[in-house]
Amino acid sequence: MNKIVVFASGSGSNFEAIAKAADTGKITIEITGLITNNSKAGALVRAEAYNIPSYIIHPFDFKNQTEYEASLLKLIDELSPDVIALAGYLRKIPSAIIKSYKNRILNIHPSLLPAYGGKGFYGMHVHEAVLENGESESGCSVHIVTEEYDEGPVLAFEKVPVYKKDTPQSLAKRVLEKEHELYPRIIQEHLNKLSES
Ligand code: GRF
């Protein structure tokens, strides 16, 4: 069975959507670990509920950046993922890891990339900007992670309407529902493509 590792810093609802899809046999994936930089991440509680091993790893716990990167890479290698899925992970992935797992790191972003992507566009900031600009639609995108924030090739996206009465929270909720359906499916499709190549 294909193995994946998920990185999450926050609530972890996307992590749970992947875990649930795996648990119910919708996708044939084993999540070998959850990695977070945040000891308070909701994702940790969700991992426990699904019996998925979790690891808290933060640069501050290491003597220097080199040691941090080496430990993170060692941990990932031990978990031997075919694909790494970033799901609301708020730290930059070190370039050594991006190189080692080229084309194998995916991310989900709550906008129709390339719009509202890049530095500063995360969480509610994305939805606030979409509303401020009076957009009539938004959505979410799954893309391959490269060295530049949110710039890797987009594998798939889903659109949602934006309503005049929307708040950043109501729009976030509508987008998140699409994310939960899109991300597990695209992870599985990407794994299938990798195993065919
Ligand atoms: C999602 O909106 C995702 O697109 C973005 O971060 C958020 C994570 O939400 N990258 P959750 O922690 O999965 O609930």
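Small disclaimer: the values here were computed from a predicted structure and weren't measured. We count ligands from 1, going down the list as the structure has it; atoms in each ligand are counted the same way.
Residue contact check: Ser11 has heavy atoms under 4.0 Å from atoms 12 (O), 14 (O) of ligand 1. Close approach of ligand 1 to Gly88 is summarised as follows: ligand atoms under 4.0 Å from at least one heavy atom of the residue are 6 (O), 8 (C), 10 (N). Those atoms of ligand 1 with a heavy atom of Ser13 less than 4.0 angstrom away are 11 (P), 12 (O), 13 (O), 14 (O).
Distance from atom 13 (O) of ligand 1 to its nearest protein heavy atom, with residue and atom name: Asn14 N, 2.8 Å. Given atom 12 (O) of ligand 1, the protein heavy atom at minimum distance is Gly12 N, 2.7 Å.
Here's the thing with Ile108: one of its N/O atoms is less than 3.5 angstrom from an N/O atom of ligand 1.
Contact annotation: the side chain of Ile4 approaches that of Leu191 to within less than 4.5 Å [non-hydrogen atoms, C-beta and beyond].
In this structure, Val145 is a member of the same hydrophobic cluster as Leu75, with clusters built from ILVMFWY side-chain heavy atoms closer than 4.5 Å.
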_Audit row: Glu189, Lys193, salt bridge (Lys or Arg N to Asp or Glu O under 4.0 Å) steps and yes/no_ = CA-CA 6 Å; Glu189 279 181 23; Lys193 262 187 267 158; 5.8 Å; no
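Neither side chain, His127 nor Ser138, offers a donor N or O lying under 3.5 Å from an acceptor on the other. With no hydrogens or angles considered, a side-chain donor-acceptor pair links Asn192 and Gln188 at under 3.5 Å. A donor atom on one side chain and an acceptor atom on the other are found under 3.5 Å apart for Arg46 and Ser11.
Using a 4.0 Å heavy-atom cutoff, Cys140 is absent from the residues neighbouring ligand 1.
The proximity of Glu179 to ligand 1, defined as any non-hydrogen pair under 4.0 Å, is limited to the side chain.
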